Student: 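What follows is a single structure, and I will ask about it in a moment.
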2 protein chains.
Amino acid sequence: MKLSDGVEWGVHCAALLAVIPAGTVLPGKALAEYHGISESYLVKHLQALTAAGILISIPGPKGGYRLARPAAEITVLAIVDAIEGRDSAFRCAEIRQRGPAALEPAVYRLPCPINATMLRAEMAWRKSLRAQTVADLVGGLAKRADQRAVEKTLAWLQERLRG
Amino acid sequence: MKLSDGVEWGVHCAALLAVIPAGTVLPGKALAEYHGISESYLVKHLQALTAAGILISIPGPKGGYRLARPAAEITVLAIVDAIEGRDSAFRCAEIRQRGPAALEPAVYRLPCPINATMLRAEMAWRKSLRAQTVADLVGGLAKRADQRAVEKTLAWLQERLRG
DNA sequence: ATATCCTGGATATTTGCAATCCATGATTTT
DNA sequence: AAAATCATGGATTGCAAATATCCAGGATAT
């Protein structure tokens with residue numbers, strides 16, 4: 001069981017987009033360069049975030065990405081859902097309905113308790129992720145950030161911001 | 001993100017092994033046949049469960065598998081860990097340390113808040129799974145089982161039990 | 001001795017993720 | 001109008017892990 005790298009990329013990008021001035025955007029190229037990751041692959045995930053209504057994209061020169069709503073209203077779960085999909089990690093194959101002791105399908109209308117247990121655990125996972133917003137992350141990042149890192153980031157952003 | 005099918009197989013097998021009489025065992029072939037799944041692949045997972053101390057295996061004729069301890073003392077989490085491994089689903093690649101705004105590694109001694117958030121969610125997932133035992137699952141299965149299914153299973157087990 | 005069963009390794013096969021490339025369309029600048 | 005910049009979406013490739021099978025070797029009961 002493994003989350004795709006795109007989740008980490010998406011959350012980091014959202015956190016960076018949360019600190020740029022209102023009215024400005026960052027192109028995908030800049031987001032990839034800032035994080036030292038593949039540009040062509042990152043934009044795939046940025047597209048997913050845009051389709052999910054988490055980001056807004058502007059085409060053309062002076063184009064790029066920005067958050068679609070305040071960082072405090074974007075949960076980490078929303079980003080994970082957009083990139084990983086909403087399928088549960090556990091996919092019940094209903095093997096209880098197979099084999100020599102199986103009966104007709106109508107008998108199995110009640111959900112398998114094993115499936116229910118796994119889904120309950122995923123609900124707990126989702127609840128935890130839903131309790132964290134991008135704004136929370138930015139706060140955490142800022143609190144433990146070295147002052148030089150902040151300045152270095154701001155200086156770098158200066159030449160990439162659009163709008 | 002997807003859990004391997006082996007998890008479902010392992011939990012179902014543990015549930016079945018929880019209801020066979022004390023002192024008896026079931027061979028891997030019977031466990032695979034009962035669930036209508038691949039025998040050669042299932043035994044791989046049964047080996048993992050044995051190595052984890054969840055099952056005990058007996059070689060030779062009259063051999064097979066049985067639970068290593070009471071079903072009430074085997075959590076679903078233990079089975080998941082044995083089959084999926086204990087690696088977290090989120091693997092922080094520390095991309096905050098990459099790119100043009102990065103500083104020397106010593107600056108990043110404190111854990112990344114994004115990583116912390118993801119790990120906290122996995123803790124909630126694990127806590128939920130740790131709260132469920134195989135005995136709980138058997139209880140749930142029995143309560144909603146059709147009486148004919150129980151009889152059919154018992155009759156089928158009659159000819160496969162060893163010991 | 002023989003038959004049965006677990007063990008562990010070697011080996012395909014398949015799936016999904018990671019990554020790249022390109023043609024297209026939108027928008028700003030010149 | 002032309003050129004440059006950027007997002008979009010599809011096609012394709014490479015790769016690692018999960019899935020699945022097979023077989024030789026060791027243990028045990030009949």
Side-chain angles (χ1 to χ4, degrees), chain A residues 1-10 13 17 24-33 35-52 54-66 68 80 83-85 87 89-91 93 95 159-163, chain B residues 1-10 13 17 23-33 35-52 54-66 68 80 82-85 87 89-91 93 95 159-163:
Chain A
M1 184 179 50
K2 180 182 180 302
L3 258 72
S4 74
D5 295 346
V7 170
E8 183 178 5
W9 298 6
C13 285
L17 291 175
T24 66
V25 300
L26 267 181
K29 181 175 181 175
L31 286 167
E33 191 183 344
H35 294 108
I37 57 183
S38 156
E39 174 190 351
S40 55
Y41 191 32
L42 172 63
V43 295
K44 291 290 185 203
H45 298 304
L46 296 179
Q47 282 175 29
L49 291 173
T50 302
I54 295 170
L55 301 186
I56 285 181
S57 64
I58 316 287
K62 309 201 64 172
Y65 297 90
R66 65 174 178 85
V80 172
I83 292 178
E84 275 287 326
D87 289 344
F90 182 81
R91 327 261 169 94
I95 65 176
E159 311 195 343
R160 318 276 166 161
L161 284 174
R162 307 293 176 81
Chain B
M1 185 178 48
K2 179 181 179 302
L3 259 71
S4 72
D5 295 346
V7 169
E8 182 178 6
W9 299 6
C13 285
L17 290 175
T24 65
V25 299
L26 268 182
K29 180 175 182 175
L31 285 167
E33 192 183 344
H35 294 108
I37 58 183
S38 155
E39 174 191 349
S40 56
Y41 192 32
L42 172 63
V43 295
K44 293 291 186 205
H45 298 304
L46 297 178
Q47 282 175 29
L49 292 173
T50 303
I54 294 170
L55 302 185
I56 285 181
S57 63
I58 314 286
K62 311 200 63 172
Y65 296 89
R66 66 174 177 83
V80 172
I83 291 178
E84 275 286 328
D87 289 345
F90 181 82
R91 325 262 169 95
I95 65 177
E159 311 192 342
R160 316 276 167 162
L161 285 174
R162 307 297 176 81

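In what follows, chains carry the letters A, B, and so on, assigned in the order in which the sequence lines appear, proteins first and then strands, with residues in each chain numbered from 1. All values reported here derive from a predicted model rather than from experimental measurement.
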Student: Using a cut-off of less than 4.0 Å, is there contact between a side-chain N or O of B:Ser38 and OP1 or OP2 of D:dT19?
Tutor: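 So the side-chain polar atoms of B:Ser38 never come under 4.0 Å of the phosphate oxygens OP1 or OP2 of D:dT19.
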Student: Take atom NZ in B:Lys29; do more than 12 heavy atoms of anything else shown fall under 6.0 Å from it?
Tutor: no
Student: Measure from CD1 on B:Ile37 to C1' on D:dA18 and round the result to the nearest Å.
Tutor: 15 Å
Student: Quick one: B:Arg66 CZ to C:dC5 P, roughly how many Å, whole number?
Tutor: 18 Å
Student: Using the closest heavy atom to pick a nucleotide of DNA chain C for each, name whichever of A:Ile58 or A:Asp5 lands nearer the 5' end.
Tutor: A:Asp5
Student: Drop me the distance from B:Leu55's CG to B:Leu26's CG, to the nearest 0.5 angstrom.
Tutor: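 So the CG of B:Leu55 and the CG of B:Leu26 are separated by 11.0 Å.
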Student: How long is the line joining NE2 of B:His45 and P of D:dA20, in whole Å?
Tutor: 8 Å
Student: Let's see if you can work this out: which of C:dA3, D:dT19, C:dT7 has an atom nearest to the side-chain heavy atoms of B:Gln47?
Tutor: C:dT7
Student: Please tell me which of A:Pro59 and B:Pro61 maps to the more 5' nucleotide of DNA chain D, matching each residue to the nucleotide holding its nearest heavy atom.
Tutor: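 Of the two residues, A:Pro59 wins.
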Student: Starting at atom CH2 of B:Trp9, determine the distance to atom C1' of D:dA18, rounded to an integer number of angstrom.
Tutor: 11 Å
Student: How many Å lie between CZ on B:Arg162 and P on C:dT4, as a whole number?
Tutor: 9 Å
Student: Checking all strands, does A:Ser40 fall into the base, sugar-phosphate, or nothing category for heavy-atom contacts under 4.0 angstrom?
Tutor: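 Contact class for A:Ser40: base.
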Student: Taking only side-chain N and O atoms of B:Ser57, does any of them lie within less than 4.0 angstrom of OP1 or OP2 on C:dT7?
Tutor: yes
Student: Between D:dA7 atom C1' and A:Leu26 atom CG, what is the distance in whole Å?
Tutor: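 So the two atoms are 14 Å apart, to the nearest Å.
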Student: For DNA chain D, whose closest nucleotide is more 5', that of B:Gly6 or that of A:Tyr65?
Tutor: A:Tyr65
Student: C:dA18 C1' sits how many Å from A:Glu39 CD, rounded?
Tutor: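 Checked: the CD to C1' distance equals 15 Å.
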Student: Could you tell me whether the phosphate oxygens of D:dT12, OP1 or OP2, come under 4.0 Å of any side-chain nitrogen or oxygen in A:Tyr41?
Tutor: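 So the side-chain polar atoms of A:Tyr41 never come under 4.0 Å of the phosphate oxygens OP1 or OP2 of D:dT12.
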Student: Calculate the interatomic distance between A:Lys29 atom NZ and C:dT20 atom P; express it in whole Å.
Tutor: 14 Å
Student: Calculate, to the nearest 0.5 Å, the distance between atoms NE2 and CG belonging to A:His45 and A:Leu31 respectively.
Tutor: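 These two atoms lie 13.0 Å from each other.
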Student: Ignoring hydrogens and angles, answer whether the base of D:dG10 and the side-chain atoms of A:Lys44 contain a donor-acceptor pair closer than 3.5 Å.
Tutor: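 Side chain to base: pair present.
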Student: Can you find a heavy atom in the side chain of A:Ile95 that is under 4.5 Å from one in the side chain of B:Trp9?
Tutor: yes
Student: Can you tell me if B:Lys2 touches the phosphate of C:dG16, counting only side-chain N or O atoms and a distance under 4.0 Å to OP1 or OP2?
Tutor: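 Answer no for this pair, as no side-chain N or O of B:Lys2 is under 4.0 Å from OP1 or OP2.
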Student: Indicate the atoms forming the closest heavy-atom contact of B:Arg160 with B:Pro27, along with that distance.
Tutor: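 Shortest heavy-atom contact: O-CD, 3.8 Å.
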